[in-house]
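Sequential numbering from 1 along the given sequence is applied to the chain's residues.
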Amino acid sequence: MAQALKMPLDVKLMNWVANILFAGLACMALGALALWAARHPMWQLRGITVVGDVAHQNAVTFRAQLASRLQGSYLTLNLQEIQRLFESVPWVQQAVVQREFPNRLKVTLREHQAAAWWGEPGGGKLVNTQGVVFEANPDDPDADRLPELAGPVGQSQTVFALYQQLVPVLTRLDMGLERLELNSRGNWQIRLDNGAQIGMGRGEPDELLARLERWTSTHTQLAQRYGQHLESVDLRYPNGYAIRFKGVTTLDVPPGSKPNKS
């Protein structure tokens with residue numbers, strides 16, 4: 001039986017080089033074809049459909065914000081970058097971007113739901129219903145009725161969470177919470193819609209609520225005795241609170257006590 005002839009080394013090397021060159025040329029050809037296809041006019045982006053929460057958005061705003069920043073065709077556009085661009089627009093909390101064959105994009109928006117001002121009214125910062133601060137300027141008249149929340153940077157969710165707990169307690173007395181502030185020393189201050197100030201001091205939410213309940217449980221009786229115009233309440237006392245009505249000097253009220261009706 002004849003033995004198979006061994007191929008010379010130089011011939012093997014030539015074959016390997018030829019195969020590599022052929023593979024390289026094939027890849028280049030495929031790449032050029034893909035590039036040509038990607039740049040073909042049929043893949044040129046023809047439009048973007050925006051759906052979802054669009055109460056504070058309009059086409060003019062989007063064109064001004066995004067038109068010059070969209071780079072690429074339908075096939076090559078970076079959807080994550082487009083998502084970031086949409087989420088940089090005021091009021092937009094979340095954007096979901098999808099391709100729609102053959103040459104359009106669909107963007108579904110979820111807007112922030114404003115729950116309060118952060119800082120000063122009209123300052124351009126709001127708090128949404130998750131307690132997150134975002135920058136926007138409301139253009140509706142109801143914005144004037146939003147409460148005010150304030151505190152150190154990064155504390156908006158803590159402030160908003162306490163606000164949600166305090167409101168039901170004050171509502172039982174037909175009082176509206178106009179402003180809640182946490183200062184840099186950790187002290188909490190309330191301003192009611194009638195201008196009255198309530199100093200709550202420091203503490204965990206449970207402690208603060210207990211102090212507030214201590215006052216609200218006796219407020220009606222005190223108001224009947226001393227007058228309806230409340231000016232201030234100081235809840236920082238360990239065994240009671242101090243309260244001031246218009247025209248009445250400060251009263252120190254221990255817990256569980258009742259005003260003298262004589």
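Counting only N and O atoms by type, the side chains of E87 and Q94 include no donor and acceptor under 3.5 Å apart. Side-chain polar atoms of Q93 and Q130 form a donor-acceptor pair below 3.5 angstrom.
Looking at heavy atoms from C-beta onward, M175 lies in side-chain contact with L230 at the 4.5 angstrom threshold. In this structure, the side chains of R185 and R202 come closer than 4.5 Å at one or more pairs of heavy atoms. At least one side-chain heavy atom of W188 sits under 4.5 Å from a side-chain heavy atom of V159. Counting only heavy atoms from C-beta outward, the side chains of I243 and S232 never approach each other to under 4.5 Å. In this structure the side chain of D53 reaches within 4.5 angstrom of the side chain of Q113, judged on heavy atoms. By the 4.5 Å heavy-atom criterion applied to side chains, V167 and Q164 are not counted as neighbours. Between R179 and L149 the shortest side-chain heavy-atom distance does not fall below 4.5 Å. Looking at heavy atoms from C-beta onward, Q189 lies out of side-chain contact with N183 at the 4.5 angstrom threshold.
A donor-acceptor pair under 3.5 Å is absent between the side-chain atoms of E120 and the main chain of K125, judged by distance alone. Side-chain atoms of S156 come within 3.5 Å of backbone N or O of G131 as a donor-acceptor pair. Remark: the backbone N or O of N78 is not paired with any side-chain donor or acceptor of E81 at under 3.5 angstrom. Although no hydrogens or angles enter the test, the distance criterion places no donor-acceptor pair under 3.5 Å between the side chain of R225 and the main chain of T220. Remark: the backbone N or O of G240 is paired with a side-chain donor or acceptor of R214 at under 3.5 angstrom. The closest donor-acceptor contact from the side chain of W117 to the backbone of A143 lies under 3.5 Å. Without hydrogens or angle criteria, D193 side chain to G176 main chain gives a donor-acceptor distance under 3.5 Å. Side-chain N or O atoms of R99 include one that pairs as donor or acceptor with a backbone N or O of L77 at under 3.5 Å.
When every heavy atom of F160 is checked against every heavy atom of A115, the shortest pair comes out as CE1-CB, 3.7 Å. Of all the heavy atoms in Q165 and P205, the pair that sits closest is OE1-CB, 3.8 Å. Pairing each heavy atom of A242 with each of Y237, the nearest pair is CB-CE1, 3.5 Å.
T171 contributes atom OG1, which lies 9.0 Å from atom CG of L177 (distance to the nearest 0.5 angstrom). The structure places NE2 of H229 at 12.0 Å from CZ of R244, a figure rounded to the nearest 0.5 Å. Distance check, rounded to the nearest 0.5 Å: CG of L208 to CG of L235 gives 9.0 Å. Annotation: the span from L182 atom CG to N187 atom CG amounts to 8.0 Å, rounded to 0.5 Å. Remark: D234 CG to I198 CD1 distance equals 10.5 Å, nearest 0.5 Å. Atoms CD and CD, on Q155 and E181 in that order, are 13.0 Å from each other to the nearest 0.5 Å.
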Open item on the list: Does W91 form a ring-ring contact (aromatic ring centres under 6.0 Å, His included) with F134? I'd like the steps, not just the answer.
Closed with: CA-CA 8 Å; W91 286 101; F134 66 100; 5.3 Å; yes

Task: side chain to side chain contact (heavy atoms under 4.5 Å, CB included) assessment of T49 paired with R104 - done: CA-CA 8 Å; T49 302; R104 297 185 65 86; 3.3 Å; yes

TODO: List the steps and the verdict of side chain to side chain contact (heavy atoms under 4.5 Å, CB included) for V127 and L146.
DONE: CA-CA 10 Å; V127 178; L146 290 175; over 6 Å; no

- [ ] Check the pair M200, L166 against side chain to side chain contact (heavy atoms under 4.5 Å, CB included), reporting the backbone distance first and the verdict last.
- [x] CA-CA 11 Å; M200 301 183 69; L166 297 177; 4.0 Å; yes

- [ ] Evaluate the side chain to side chain contact (heavy atoms under 4.5 Å, CB included) criterion for residues V50 and F86: first the C-alpha distance (whole Å), next the side-chain angles of each, then the deciding distance (0.1 Å), finally the verdict.
- [x] CA-CA 10 Å; V50 180; F86 271 91; 4.2 Å; yes

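Cluster membership for L126 and L162, using ILVMFWY side-chain heavy atoms within less than 4.5 angstrom, is not shared. The same ILVMFWY cluster, assembled from side-chain heavy atoms under 4.5 Å apart, contains both L173 and V169. Following chains of ILVMFWY side-chain contacts shorter than 4.5 Å, one can reach L79 starting from L85, so the two form part of one hydrophobic cluster.
Under the 4.0 Å criterion applied to side-chain N and carboxylate O atoms, R191 and E148 are assigned as salt-bridge partners. Using a 4.0 Å cut-off between charged side-chain N and carboxylate O, R211 and E213 make no salt bridge.
The aromatic rings of W215 and H219 lie perpendicular to each other, with more than 60° between the two planes, well past the 30° mark.
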